[in-house]
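In listed order, ligands and their atoms are each counted from 1.
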Amino acid sequence: MAKAYDHLFKLLLIGDSGVGKTCLIIRFAEDNFNNTYISTIGIDFKIRTVDIEGKKIKLQVWDTAGQERFKTITTAYYRGAMGIILVYDITDEKSFENIQNWMKSIKENASAGVERLLLGNKCDMEAKRKVQKEQANKLAREHGIRFFETSAKSSMNVDEAFSSLARDILLKSGGRRSGNSNKPPSTDLKTCDKKTTTKCSLG
Ligand SMILES: Nc1nc2c(ncn2[C@@H]2O[C@H](COP(=O)(O)OP(=O)(O)OP(=O)(O)O)[C@@H](O)[C@H]2O)c(=O)[nH]1
């Protein structure tokens with residue numbers, strides 16, 4: 001039987017407890033949202049296949065528990081991820097400050113060359129905003145990664161964020177494809193870590 005997809009990309013969401021990681025995944029995979037908060041225990045995943053650059057990309061999106069007590073379990077999953085999404089809550093300054101620690105955790109536990117993406121979630125709660133967009137833009141620039149403000153509640157930028165990460169992984173691994181792509185490398189590929197070469201295993 002023919003494969004239902006061209007590539008399988010494993011993505012991982014990390015960030016403080018309560019920032020909305022589970023909700024972002026549910027919005028992306030099932031187009032649903034629930035206000036009830038049930039903290040993730042350990043790790044879980046959902047799947048959605050998207051079309052990017054004419055390729056069917058199956059995204060296996062892993063959800064990690066933000067609570068410190070699950071750290072040993074969750075960091076064990078970093079290594080298999082081709083893309084890691086760092087999430088903070090725009091209404092919670094501490095969750096933004098902690099992004100530096102999550103970055104450190106990626107450095108210590110993930111594969112070299114993993115694609116990263118920064119998300120400021122709950123942007124529907126403008127009245128309670130504590131983290132300015134410019135602060136996050138600056139942080140993202142410092143790390144050479146892309147940044148989006150999202151809302152799992154309103155669905156703002158959710159598809160765009162996941163697709164953008166998938167596209168970056170696809171482009172970065174372009175050299176390992178069949179070679180029939182006539183697309184030049186994107187000039188705004190800010191997510192490439194210049195020091196490392198990617199080791200994505202596709203399919
Ligand atoms: N207003 C608003 N609320 C949100 C949004 N995303 C999530 N929430 C709420 O924030 C709470 C926490 O969401 P979760 O997705 O469970 O958070 P989490 O990051 O997975 O938390 P852990 O599993 O503990 O790591 C829930 O009450 C959600 O309804 C959003 O975009 N806007």
Salt-bridge present (K130, D92; N to O < 4.0 Å): no
Proximal ligand 1 atoms for G66, defined as those under 4.0 Å from one of its heavy atoms: 22 (P), 25 (O)
Result block: side-chain N/O donor-acceptor pairs under 3.5 angstrom for residues 16-28, not counting sequence neighbours:
unit_1 : atom_1 : unit_2 : atom_2 : d
D16    : OD1    : N98    : ND2    : 3.4
D16    : OD1    : W102   : NE1    : 2.9
D16    : OD2    : N98    : ND2    : 2.8
S17    : OG     : Y37    : OH     : 2.8
K21    : NZ     : G15    : O      : 3.0
K21    : NZ     : D16    : O      : 2.9
T22    : OG1    : T40    : OG1    : 2.8
T22    : OG1    : D63    : OD2    : 2.6
R27    : NE     : A152   : O      : 2.8
R27    : NH1    : D31    : O      : 3.4
R27    : NH1    : D31    : OD1    : 2.8
R27    : NH2    : A152   : O      : 3.3
R27    : NH2    : K153   : O      : 2.8

Candidate with minimal heavy-atom separation from atom 9 (C) of ligand 1, of K122, E149, M125: K122
Atom 15 (O) of ligand 1 - nearest protein heavy atom and its distance: C23 N, 2.9 Å
Ligand 1 atoms in contact with K21 (distance to a heavy atom under 4.0 Å): 15 (O), 17 (O), 18 (P), 19 (O), 20 (O), 21 (O), 22 (P), 25 (O)
Enumerated ligand 1 atoms positioned under 4.0 Å from heavy atoms of D124: 1 (N), 2 (C), 30 (C), 31 (O), 32 (N)
N137 side chain near Q132 side chain, heavy-atom distance below 4.5 Å: no
A152 neighbourhood, listing ligand 1 atoms whose heavy-atom distance to it stays under 4.0 Å: 6 (N), 30 (C), 31 (O)
Residue and atom name of the nearest protein heavy atom (relative to atom 29 (O) of ligand 1), distance in Å to one decimal: N34 O, 3.0 Å
Evaluation steps, side-chain contact (heavy atoms from CB on, under 4.5 Å), between T64 and L12: CA-CA 7 Å; T64 61; L12 186 78; 3.5 Å; yes
Salt bridge (charged side-chain N to carboxylate O under 4.0 Å, His left out) partners for R79, two or more places apart: none
Minimum-distance protein heavy atom relative to atom 21 (O) of ligand 1: G18 N, 2.9 Å
Numbering as shown, the atoms of ligand 1 that approach S39 to under 4.0 Å (heavy-atom distance): 22 (P), 23 (O), 24 (O)
Basic-acidic side-chain contact under 4.0 Å: E142, K138: yes
W62 and Y77 aromatic ring geometry - parallel, tilted or perpendicular at 30°/60° bounds: tilted
Atoms of ligand 1 close to T22 [distance to a heavy atom under 4.0 angstrom, numbered from 1]: 15 (O), 20 (O)
Minimum side-chain heavy-atom gap D168-R146 below 4.5 Å: yes
Taking atom 27 (O) of ligand 1 as the reference point, the nearest protein heavy atom with its distance: N35 O, 2.9 Å
Check: D63 N/O within less than 3.5 Å of ligand 1 N/O: no
Close approach, D16 and ligand 1, non-hydrogen under 4.0 angstrom: yes
R48 bridged to D159 by N-O distance under 4.0 Å: yes
Side-chain heavy-atom pair L170, F9 within 4.5 angstrom cut-off: yes
Protein heavy-atom partner closest to atom 6 (N) of ligand 1 - residue, atom, separation in Å: N121 ND2, 3.2 Å
Atom 14 (P) of ligand 1 [closest protein heavy-atom partner, distance rounded to 0.1 Å]: G20 CA, 3.7 Å
Side-chain heavy atoms of Y78 within contact of I14, under 4.5 Å: yes
D89 touching ligand 1 at heavy-atom level, < 4.0 angstrom: no
Ligand 1 N/O within reach of A65 N/O, cut-off under 3.5 Å: no
Any N or O of G15 closer than 3.5 Å to N or O of ligand 1: no
Any donor-acceptor N/O pair, S163 side chain to E160 backbone, under 3.5 Å: no
From the candidates Y37, F33, Y88, the one that places a heavy atom nearest atom 26 (C) of ligand 1: Y37
